Visitor: 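Just dropping this structure here.
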Amino acid sequence: MVAIGQGSKQSIHDSLSNMGSNMITVSPASNLNGGVKISGSSFQTLTSKDIVALKREAQYITDISPSVSAKGQAINGAQNWPTTMSGVDPAYLDIRKLSLKDGIAFTEQDVLTSAKVCLIGQTVIDNLFPNQNPVGKVIRFGNIPFQIIGVLNPKGQNAFGQDQDDILIAPYTTVQKRILATIYYQNIYASASNEQVTDAAVTEMTNILRESHRLRSDEDNDFQVRTQEELINTLSSTSSLLTVLLTVIAGISLVIGGIGIMNIMYVSVTERTREIGLRMSIGARGKDILMQFLAEAVLISITGGIIGVLLGILSCRIVTLTLGWPTIISESSVVLSFIVCALTGIFFGYYPAQKASRLDPIEALRYE
Amino acid sequence: MSGRILEIKDLKREFTMGVETVRALKGISFTVEAGEFVTIMGSSGSGKTTLLNILGCLDKPSIGDYLLDGVDVKKLSRDELAQLRNHKIGFVFQAYNLLPRTTALENVELPLLYNKDISSELRRERAIKALEAVKLADRHDHTPSQLSGGQQQRVAIARALVNEPVMILADEATGNLDSRTSYEIMALMQELNQTQGKTIVFVTHEPDIASFSSRTIMLRDGIIQKDTKNESPRSAREVLDNLPKRITFPTGF
């Protein structure tokens, strides 16, 4: 049950992660210039130097990609469509959890050579290539021809109604040199190795960037680092809800099992009254009898635990095979279940064991 | 082992049942010296069982003193009594009270399990020796259900011997056995008493069995009616030899 729970937790986790909950965005900061706040995007503070520093020093980050974008008209013969071209690193696909429906992604080699290749989003396809396969075709973006090498899987709109499929993706060097003629980046995207370290990653990135920008300690950041906080919150509340639910179910079954053990121990104490009397008459103290019956209760519950773990593993296999639900059997849950079994045995075995230890040896010996 | 094993002075035991007080023992005094073989006799209701419980340190007297091997039982707590039973008394019961599904050797080892001073090797060694003393050296691994009644009782006697008690306390030890096996058990008791000098207190209601002991205490209505020394106890071995031989069928019958 815990395995199924952890499995579903993992699958919910994965699907939320697909939205890029561990994504971190760096953008130039808005700044005060003579009393007027100016939007950060007008500032040119993020450069290749920052990327090199982050790649070299950051430990909590797995992928990193710069981003520049240009608006323009995409043209295929008689068809044309206004769209945005994002210039990014190949790692961007992983960070944003983008995948290809068809074709291939561009490579580091394409980045180095500023290759005129691009990936195409579904909305652009619909407008430029109705009922055609765009892979291998050449379009123009502004005046520059680009060869389409891959098709992105549709992602739909984001939370703000923005169409995420209305996009062309090209190597950032291409967009920087051939379209925008700039050496600055508009954004840096990175992904933390998991949601838990996102905050640590933000702190780390801030420090690295401050150093790279040579900011004195009294100066404000000339950039800002943002996370997908909303997504992270959803994620953690979902998993804590699941955890509570599973704990309640496990708790109920433990109480039922415990009462079962208590019953068995009562029967055992009654059945073995003569044995208890004998043990007492040959020198067992109440304490010895108590320990004996507690040990038996724990043995029963741990045996039950072993059977339970085996059955659990088996049913996990069956559930995965027949229903296709993901299941995860973690070592910690197995160890924990044994500890809980032993504690259940002690807790519910104590009362019958105490009853046994307080028997009067004379009566116990004569018990029929 | 010499000296006074049991010393009982003006011992009384009363039970309160609701508003009524039942006086089971009404003032009993006697002593038992080391090496004696005493039988305690009496009809039911004579206080025999109550006396046995007190002698076995399972119960305490209401009034009067009971010294077991010089220890005043009255002053001891429940746990101390258990320890005293473990060190000084070997019980033999009418119904053997062996643990089922447990081998003879393990049954004999049982009292030593509750004695923390004895290592598991020593425990095993002494259990083997005790089984040899009751002539069951070849039955170590038999469980009670694989043994005859007499053999089971001998295992129980071995269990009573294993902790080297100052006194063996037998409660109708032959009550569940046929007369031949009873005599075998009595022969074993006599042997333990005479060759090893074990002090034995044997509770019974059969005069026949009492005739094998060196002294008989007769209880009646909670007091001692008679306390007689038996100068020439019968030898159970001789009685056994004089019994007609067991009928043996020829093979193939």
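Heavy-atom basis, side chains included; hydrogens, waters and symmetry copies ignored. Keep in mind the model is a prediction, meaning the values are calculated, not measured. Residue numbers begin at 1 in each chain, while the letters A, B, ... track the order of the sequences.
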Visitor: Heavy-atom distances under 4.5 Å only: say whether A/Glu363 touches chain B with side chain, backbone, both or neither.
Guide: neither
Visitor: Under 4.5 Å, counting heavy-atom pairs only, tell me which of A/Arg279, A/Lys287, A/Arg272 racks up the most with chain B.
Guide: A/Arg279
Visitor: With a 6.0 Å cut-off (strictly less than), is the heavy-atom count around CZ of A/Arg366, excluding the residue itself, greater than 12?
Guide: yes
Visitor: Heavy-atom cut-off 4.5 Å, strictly under: side chain, backbone, both or neither for B/Leu169 against chain A?
Guide: neither
Visitor: Is it the case that more than 12 heavy atoms not belonging to A/Tyr351 sit under 6.0 Å from its OH atom?
Guide: no
Visitor: Please report the closest heavy-atom contact between A/Ala284 and B/Ala82, naming both atoms and the distance.
Guide: O-CB, 3.7 Å
Visitor: Counting only heavy atoms from other residues, nucleotides and ligands, does the tally under 6.0 Å from OH of A/Tyr60 exceed 12?
Guide: no
Visitor: Can you name the closest pair of heavy atoms from B/Leu99 and A/Leu278 and give their distance?
Guide: CD2-CD2, 4.1 Å
Visitor: If you draw a 6.0 Å radius around CZ in B/Phe30, do more than 12 non-hydrogen atoms from other residues or ligands fall strictly inside?
Guide: yes
Visitor: Where do B/Phe93 and A/Ser281 come nearest, in terms of heavy atoms and distance?
Guide: CZ-OG, 3.4 Å
Visitor: Got a second to check how far B/Arg159's CZ is from A/Ile282's CD1, nearest 0.5 Å?
Guide: 5.5 Å
Visitor: Taking atom CZ of B/Arg23 as the centre, does the number of heavy atoms from other residues, nucleotides or ligands within less than 6.0 Å exceed 12?
Guide: no
Visitor: Are B/Asn97 and A/Glu275 side-chain neighbours, meaning at least one heavy-atom pair lies under 4.5 Å?
Guide: no
Visitor: Looking at B/Arg78 and A/Asp360, is any side-chain nitrogen of the basic one under 4.0 Å from a carboxylate oxygen of the acidic one?
Guide: no
Visitor: Keeping the roles fixed (side chain from A/Arg285, backbone from B/Gln83), state whether a donor-acceptor pair exists under 3.5 Å.
Guide: no
Visitor: Measure B/Ile89 against the heavy atoms of chain A and call it side chain, backbone, both or neither at under 4.5 Å.
Guide: neither
Visitor: State whether the number of non-hydrogen atoms from other residues, nucleotides or ligands found under 6.0 Å of A/Tyr350 atom OH is greater than 12.
Guide: no
Visitor: Are there more than 12 heavy atoms of other residues, nucleotides or ligands under 6.0 Å from atom NZ of B/Lys9?
Guide: no
Visitor: Identify the two heavy atoms, one from B/Leu58 and one from A/Pro361, that lie closest to each other, and give their separation to 0.1 Å.
Guide: CD2-CB, 3.7 Å
